[in-house]
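Because the structure is predicted, anything quoted here is derived from the model rather than measured. So you know, we letter chains A, B, ... as the sequences are listed, proteins then strands, and number each from 1.
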Protein chains: 2
Amino acid sequence: MTKHSGCPTETTLALIAGKWKVMVIYWLLKEKRRFNQLQRDLTGITPRTLGKQLKEMEQDGLLKRVDYGEIPPKVEYSLTSLGRSLQPILIAMEEWAQLNMDKIPARENALFIEDNPETKT
Amino acid sequence: MTKHSGCPTETTLALIAGKWKVMVIYWLLKEKRRFNQLQRDLTGITPRTLGKQLKEMEQDGLLKRVDYGEIPPKVEYSLTSLGRSLQPILIAMEEWAQLNMDKIPARENALFIEDNPETKT
DNA sequence: ACAAGTACTATCATTTAGGATACTGTTGAA
DNA sequence: TTCAACAGTATCCTAAATGATAGTACTTGT
């Protein structure tokens, strides 16, 4: 997913389509959180990627960053009302998946065999 | 967006997050369509990419492909009931975007300056 | 004196999605 | 007879997303 055409559905999609964004929202819906706390919550994310996702979401108006200017640093992330207003959509997606779990085949891979090392001489 | 962790919300997201998938569903909600027709509908898509999106969506159970085995070829794509059942979610996303249009800043680019050609000597 | 926690950024590398272009074989229409 | 339409696939390439790893400056706890 890259550019969105002006289609409103795709606009919304673009805001939550980052690999970790749904989970960031999930944790921030519980309560505000600090950077390292989020990194512990989202097991496996690197600080670089977390930083990017947070910055994008902040630019998109989904969350706000409050820097207390202290030393050692203290920065808190929390959802804006715009961010919180996505909750019904996320819940709808969650319920849809749970309801249709059985009908969704597990697609693992393999479209065309393309640039596949095994295929080359 | 790449792998989904087993989180149902992300499962749903993964099914519709391809660059053209929402629009494919949009057109197929109207009526069944053939490959070249879709390519005309989705202005700008290449046949390779269209082929991929359709194949993924078919593997995901969102649409079905019917090959009439004729010559010249005739193949029709239509939504499955699973695919059609996504409509409320897409509408919810559309309405959310329309309702919040004014609050969503236009994010154009520029996170860190990273591997930027202008920055290099 | 040393380690750990704070919030990151820098640099480099890999992976993935998507695009450009050309091509297939057959048919019916101009 | 040459052309477009049909439904794609093959090959190559670029751009975007994400990951791995290391390091910043400062402070509190042991």
Starting from [atom2] on [N], measure out to [atom1] on [X] and report it in whole angstrom.
| X | N | atom1 | atom2 | result |
| --- | --- | --- | --- | --- |
| A:Glu70 | C:dG5 | CD | C1' | 14 Å |
| B:Arg33 | D:dC6 | CZ | P | 13 Å |
| B:Glu10 | D:dT18 | CD | C1' | 14 Å |
| A:Lys52 | D:dG19 | NZ | C1' | 11 Å |
| A:Lys21 | D:dA16 | NZ | C1' | 13 Å |
| B:Arg40 | D:dA5 | CZ | C1' | 9 Å |
| B:Leu38 | D:dA5 | CG | P | 17 Å |
| B:Glu58 | D:dA7 | CD | P | 14 Å |

Measure from the side chain of [X], starting at C-beta and using heavy atoms only, and say which of [options] lies closest.
| X | options | value |
| --- | --- | --- |
| B:Tyr77 | D:dG8, C:dG19, D:dC6 | D:dG8 |
| A:Thr46 | D:dT9, D:dG19, D:dG8 | D:dG19 |
| B:Arg48 | C:dG19, C:dT6, D:dC6 | C:dG19 |
| B:Val75 | D:dT18, D:dT9, D:dG8 | D:dG8 |
| B:Lys19 | C:dG19, C:dA7, D:dG8 | C:dG19 |

Partner residues of [X] under the side-chain hydrogen bond (donor to acceptor under 3.5 Å, both in side chains) criterion, sequence neighbours left out:
| X | result |
| --- | --- |
| B:Lys32 | none |
| A:Arg34 | none |
| B:Arg84 | none |
| A:Trp96 | B:Ser85 |

Short side-chain N/O contact to [N] OP1/OP2 from [X], under 4.0 Å:
| X | N | result |
| --- | --- | --- |
| A:Arg34 | C:dG5 | no |
| A:Gln53 | D:dT18 | yes |
| A:Thr49 | D:dG19 | yes |
| A:Asn36 | C:dT6 | yes |

Among A:Trp27, A:Tyr26, A:Trp20, find the one that has a side-chain contact (heavy atoms from CB on, under 4.5 Å) with A:Asp41.
-> A:Trp27
Enter the distance from A:Tyr77:OH to A:Glu58:CD here, rounded to the nearest 0.5 Å.
-> 7.0 Å
Give me, pair by pair, the N or O atoms of the protein and of nucleotides 23-30 of chain D that are less than 3.5 Å apart, along with how far apart they are.
none

Name all residues meeting the salt bridge (Lys or Arg N to Asp or Glu O under 4.0 Å) criterion together with B:Asp102; count only those two or more places apart in sequence or in a different chain, and write none if there are none.
-> none
